[in-house]
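Worksheet for the structure shown next.
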Amino acid sequence: MGTLGGKRAVESEQSVDIDELGRFAIDEHNTQQNESGLLLSFCRVVKAEQQVVAGTVYHLTLEAKPKEEEQDSDHSPKLFEAKVWVKSSENFKQLQEFKLCSASSPITPADLGVKREGLGSLPGWREVPVHDPVIQEAAENAVKKIQQMSNSLAAYILQEVLLAKAEVIDGFAKFDLLLKTKRGAKEEQHKVEMHRSLAGDWLLKSHST
């Protein structure tokens, strides 16, 4: 149990239950929309914290995208913040809050250091959608760097980007990534920090498994 009233991170063992809460939040959001509201499809839970009150309040950061039938919408995944109140003993769940995450505004290649324009507009680390093409490029280059440093004959294969943050500073962009890879029959997770210069060169700044 967490401290009464205080937030704490949700243990990884609860991931299945947290995914169910994430889907519940999306379903409730969709139910509450009027005819002009945007309907969403659940992708995954990026971050989860819980707060013990009269029951438990879960603070979720969700990745979701517009449903396919939303023809005029941008279908790229975005981050949303949801607050779900749960009373397990009473079989009670309620979506208390749902909003677009302030960190999920679109990050363009220009913002991420491909071009100089706009570099000063995004101070500090920001969570970004893991399916962003620039994030995928950063992850693929990270895996290549890890392979080069390894003595293993088996190739590292990128399975998934689990979490991504980006920070743009003068001269280059920084990426903080949590990656899932497979090497032979072995699956591993890697925490890496990648830097990209304005010239497009990639540097593996830090790496831990």
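Closest approach of Val57 and Lys83 over heavy atoms only: CG1-CG, 3.3 Å. Here the closest non-hydrogen pair linking Ala139 and Val161 is CB-CG2, 3.6 Å. A pairwise comparison of heavy atoms in Leu38 and His29 identifies O-NE2, 3.2 Å as the closest pair. The shortest heavy-atom contact between Pro129 and Ile135 is O-CG1, 3.8 Å. Closest non-hydrogen pair, Leu62 versus Gly22, comes out as CD2-CA, 3.7 Å. In terms of heavy-atom proximity, Val130 sits nearest to Glu63 at N-OE2, 3.2 Å.
Side-chain contact between Met194 and Leu204: present, with at least one pair of heavy atoms (C-beta onward) separated by less than 4.5 Å. Residues His190 and Tyr156 have side chains in contact (heavy-atom distance under 4.5 Å, counting atoms from C-beta outward). The shortest distance between side-chain heavy atoms of Ile146 and Val192 falls below 4.5 Å. Side-chain atoms of Lys145 and His207, non-hydrogen and from C-beta on, never get closer than 4.5 Å to each other. Looking only at side-chain heavy atoms (C-beta outward), Lys174 and Glu193 come within less than 4.5 Å of each other.
Taken from NZ in Lys67 to CG in Asn30, the straight-line distance is 5.0 Å, to the nearest 0.5 Å. Between the OH atom in Tyr58 and the CG atom in Leu60 there is a gap of 9.0 Å [rounded to 0.5 Å]. In this structure, OG on Ser41 lies 9.5 Å from CG on Asp27, to the nearest 0.5 angstrom. Here CD of Gln147 is found 9.0 Å from CG of Leu153. Values are rounded to the nearest 0.5 Å. Note: Leu178 CG to Leu163 CG = 6.0 Å, rounded to the nearest 0.5 Å. Remark: Thr31 OG1 to Ile26 CD1 distance equals 11.0 Å, nearest 0.5 Å.
Comment: Glu97 engages Lys99 in a salt bridge, judged by a side-chain N to carboxylate O separation of less than 4.0 angstrom. The existence of a salt bridge linking Lys93 and Glu28 is excluded, since no basic side-chain nitrogen approaches an acidic carboxylate oxygen closer than 4.0 Å.
Formation of a donor-acceptor pair under 3.5 Å by the Arg44 side chain with backbone atoms of Leu162 is found in this model. Counting only distance, with no hydrogens or angles, the side chain of Trp85 and the backbone of Ala54 share a donor-acceptor pair below 3.5 Å.
Residues Ile157 and Met149 fall into different hydrophobic clusters, defined by Ile, Leu, Val, Met, Phe, Trp and Tyr side chains chained together at heavy-atom separations under 4.5 Å. The same ILVMFWY cluster, assembled from side-chain heavy atoms under 4.5 Å apart, contains both Leu100 and Leu40.
When the shell of 6.0 Å around NZ of Lys205 is examined, it contains 12 or fewer heavy atoms from other residues, nucleotides or ligands.
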Quick one, Lys65 with His131, criterion side chain to side chain contact (heavy atoms under 4.5 Å, CB included). Give me CA distance, side-chain angles, the key distance, then yes/no. CA-CA 11 Å; Lys65 61 183 179 180; His131 302 295; over 6 Å; no
Does the pair Glu167 and Lys165 meet the rule for a salt bridge (charged side-chain N to carboxylate O under 4.0 Å, His left out), with working shown? CA-CA 7 Å; Glu167 180 182 22; Lys165 294 181 181 181; over 6 Å; no
